[in-house]
Number of protein chains: 2
Amino acid sequence: MDHFELTEDTPIEVAGGSPEGRRIAVWLAALIGNTVETTPAVREADEGSEGAVHLDIDPASTDLGAEAYEIDVSRSAVSVRAATATGLFYGVQTLRHLLPPSVEYTAAYPRPLRLPVGTIRDAPRFPWRGLMLDVSRHFLPVDDVKRFIDHLALYKMNRLHLHLSDDQGWRIEIPEWPNLTEHGGRTEVGGHPGGYYTTAEYAELVAYADSRFVTIVPEIDVPGHTNAALASYPELNCDGVAPDLFTGTAVGFSSLCTANELTYRFLDDVIRVISGLTSGPYFHVGGDEVETLSEAEYTAFVERVQDIVTRYGKRMVGWDEIATADLRSGSIVQLWRPLWPGPGAEVSEGRAAAAEVLREGLARALEAGAGVVLSPADRLYLDMKYDTATVLGLSWAGLVDVRTAYDWEVADVFGSIPESSIVGVEAPIWSETLGVLSDFEYMAFPRIAAVAELGWSAPERRSWGDFRSRLGAQADRWDVLGIRFRRSPGVPWSNGLHR
Amino acid sequence: MDHFELTEDTPIEVAGGSPEGRRIAVWLAALIGNTVETTPAVREADEGSEGAVHLDIDPASTDLGAEAYEIDVSRSAVSVRAATATGLFYGVQTLRHLLPPSVEYTAAYPRPLRLPVGTIRDAPRFPWRGLMLDVSRHFLPVDDVKRFIDHLALYKMNRLHLHLSDDQGWRIEIPEWPNLTEHGGRTEVGGHPGGYYTTAEYAELVAYADSRFVTIVPEIDVPGHTNAALASYPELNCDGVAPDLFTGTAVGFSSLCTANELTYRFLDDVIRVISGLTSGPYFHVGGDEVETLSEAEYTAFVERVQDIVTRYGKRMVGWDEIATADLRSGSIVQLWRPLWPGPGAEVSEGRAAAAEVLREGLARALEAGAGVVLSPADRLYLDMKYDTATVLGLSWAGLVDVRTAYDWEVADVFGSIPESSIVGVEAPIWSETLGVLSDFEYMAFPRIAAVAELGWSAPERRSWGDFRSRLGAQADRWDVLGIRFRRSPGVPWSNGLHR
């Protein structure tokens, strides 16, 4: 096959003097080389040279959009062009996939490194291609979160939603409210030690994500799922009595005291601090599974919190229950409940009624200019078991094997929502049963690749038969990266010897 | 099949009030349960109760030796007996292997947990069953080393040899010589950032290893392999000029200045500090691949270092070159050069001559009461490639697939050494090409299981045909533990779906 051969002597050229372009070039050079001797030189060059890989950020270079890229590989040169740094980064990720998996080694230099000759023009379908980590039920240290950011980058995903608080743990330092982390962060499900991110560590995560063109979406789940906060400050409770820390897995029992002004001063502090540390435009307020408030109390609370989020310059995101409140233009509803049946599915009366309430709220929200992120639990909750024999995970929304996550079309299920209102897709990973990084990885892989393609590729480019063979070829790269994954039956996994 | 069923209601009983026995019982309870609710109760009981798992440390309970254990599983009770806490820990590790791999999850409770009815009497062949991590060429953080200690415990291995210094990096803080780590520890092969263990971190590693009945064997490699030290202190060089830090992979070029008294004051500090932090009786001084000293200079140096090691209460261990020096009773020679051919192998003249020099030295050493640890590079160097297509690793001593590591008998190759002088076996993992934890794991697994059995089982109990099927069954446990491993051809690996 015709190819371009990369060696340590292949220069990586970058046009135009943009620092972001240069950083991407350095990233690519580091991928290719393991040592000072084998790392290709990075240099500036407005036009591509013979024998070089040339990277170019130029608004005029593509008409496919801000996240698009174009790649040309000939036998004598490689060019990657994009209108933005984001697009260029994605183009470089595609180059990465064209190189052998062993290029991922950081200390062993694989040879040969060949790129097949050809042309690629590529752009995503949806702007929001996300994953959520529940670091509250079980905490993940900073390095584990960084590793997941790298996983997102590998598949051109761009939102990492961090579920930073829940009944079982508060995971981010708020300097004005130190007990949240000192008390509310010290345990997790099962009673093991928990943990939290200092403001400096959270800022470090934001910066790391930015460097991979991933936007962190912080979530402080209110008014329910707040036992860790309520246990840390008695005055946040309506009766002034702090409950014990909670290490079980029940939901729905806790709520902030919505009639208490202190609650809003508390939320103002929390939202101000986290918003100030967050580079992206979103703040997720949770809003799910509140069973102890009236509908009026709930919607009034959500609207007041929306005002606080807006005051600190962010767009509010919330789980789909928030659709019953008056939402602003730009707010985002994250559909999570498996209320939308696929074509031909039978639906229970209770489910149909709940769906109707949600549809009505959503119709008003969309009219007001809100957007929707799709996370239907029966398709995209990556903490659902793969099959009945899977030990990890839950199954309340059903079993979700990789084909279930992949093999459906947004328009078939959510056809009642205008596609222009669909911001994108996101796969949450809740962690009641996930204790360590490799547990999270096992639930994420291989399904994360299905979610990424659902968010990236046009419907006419997607088919299970084609996907499963491309999916099987990912095994060697995951293996080299040390990622634990499920070798789902029905997928032709590569042999794992990563030659 | 007849079995004993373990549930969260099965008490773990421990006899005799020994704190070590109780710690082992708590370890087992934590393995079985994931939460406060599912963790079995631990209680004292001199005799085993119906329905309980009973652990007993009693010198009279077995005549098989200090590391031996005996297990009885009936349908109504389980008993594990040993003469020492070490033996009891090994018995509990065997119970662990009898439970399904999914018991290793820390947050998902697998059901059912069944132990097959039966009796086991078991004891190791050799007292030294080791692994070496080269944390100098590429540094591993504390948590990664702890993870490897857990890997050793899983296979009843009991020596973790840490190669703490080499040309490319000095990895342990010596308060009197701060530049060793501040300068000499700040890089590694390839020029990436290195790292080091503070004295507190090293002490933490020693304590963690002790709790898993693993003895840390610290190595400071002298007089060669010392560029990191020489670069940190000009006065340690004969010419008073500090060389640059070294990030390549060549060997043999560096040496301490053996004619300089400061060298011995330096070594006295280093050996005193590390010995004081080390609970085990060994100190490894390296001694390999010195190309810049005369034989007389070299042996005088080794003997003087041996005196220092003895002064601080430790037994000296060294690579096989030290056999030419006058060794004390209790010192240990680690055979590493592939100079001993297997039966029927052809041997080059150069190799035969080198082997002869070593044999002569070794004969004197054994006579003086020294012991031998076997680490023949062509069998037990786990940084050797598995096959020609393996990207990680080196191949100077040949290719070492899992069968090569397993399928040989110590007496066939090292028959000229009395078995009573053979302390045991150890598998070094050198890290020129290994950048991260999962690279080390890929080289260790599956071969670590072969090494463990070589050290544990009597020759008549070992056969490749039997081993390969037991080895294949390990895959699910490694997968649950998130261990990256090579699915070596010729082994019937379990399916990886860890039900």
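Small disclaimer: the values here were computed from a predicted structure and weren't measured. A, B, ... follow the sequence lines: proteins, then strands. Residue 1 opens every chain.
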- request: Establish, for the pair B:Arg447 and B:Tyr386, whether the NZ or CZ atom is under 6.0 angstrom from the six-membered ring centre and no further than 45 degrees off its axis.
  value: yes

query: What part of B:Leu437 gets closer than 4.5 Å to chain A, counting heavy atoms only: side chain, backbone, both or neither?
result: neither

- line: If you tally heavy-atom pairs under 4.5 Å between each of B:Val436, B:Thr106, B:Val189 and chain A, the highest tally belongs to B:Thr106

- prompt: Do any of residues 29-42 of chain A have a heavy atom less than 4.5 Å from a heavy atom of chain B, and if so, which, in residue order?
  reply: A:Asn34, A:Thr35, A:Val36

- prompt: Under 3.5 Å, is there a donor-acceptor pair linking the side chains of A:His151 and A:Glu441?
  reply: yes

- request: Say whether, by atom type as modelled, one donor and one acceptor occur between the side chain of A:Ser431 and the main chain of A:Val135 under 3.5 angstrom.
  value: no

- prompt: What part of A:Ile483 gets closer than 4.5 Å to chain B, counting heavy atoms only: side chain, backbone, both or neither?
  reply: neither

task: Describe, in one word, how the ring planes of A:Trp396 and A:Tyr381 are oriented to each other, choosing from parallel (under 30°), tilted (30 to 60°) and perpendicular (over 60°).
output: perpendicular

Chain B contact via A:Leu392 - which portion, at a heavy-atom distance below 4.5 Å: both

query: Quick one: do B:Asp134 and B:Arg137 make a salt bridge, cutoff under 4.0 Å?
result: yes

- request: Select one option (side chain, backbone, both, neither) describing which atoms of B:Ser438 are under 4.5 Å from chain A's heavy atoms.
  value: side chain

- request: Report yes if the distance between the aromatic ring centroids of A:Trp493 and A:Phe485 is under 6.0 Å, otherwise no.
  value: yes

task: Answer with yes or no whether the side chains of B:Glu201 and B:Tyr196 bring together a donor and an acceptor at under 3.5 Å.
output: no

task: Would you check, one step at a time, whether the test side-chain hydrogen bond (donor to acceptor under 3.5 Å, both in side chains) holds for B:Thr404 with B:Asp401?
output: CA-CA 5 Å; B:Thr404 307; B:Asp401 211 336; over 6 Å; no

statement: From the list A:Thr433, A:Thr247, A:Thr388, the residue making the most non-hydrogen contacts under 4.5 Å with chain B is A:Thr433

query: Is NZ or CZ of A:Arg484 both nearer than 6.0 Å to the six-membered ring centre of A:Tyr442 and within 45° of the ring axis?
result: yes

Chain A contact via B:Glu432 - which portion, at a heavy-atom distance below 4.5 Å: backbone

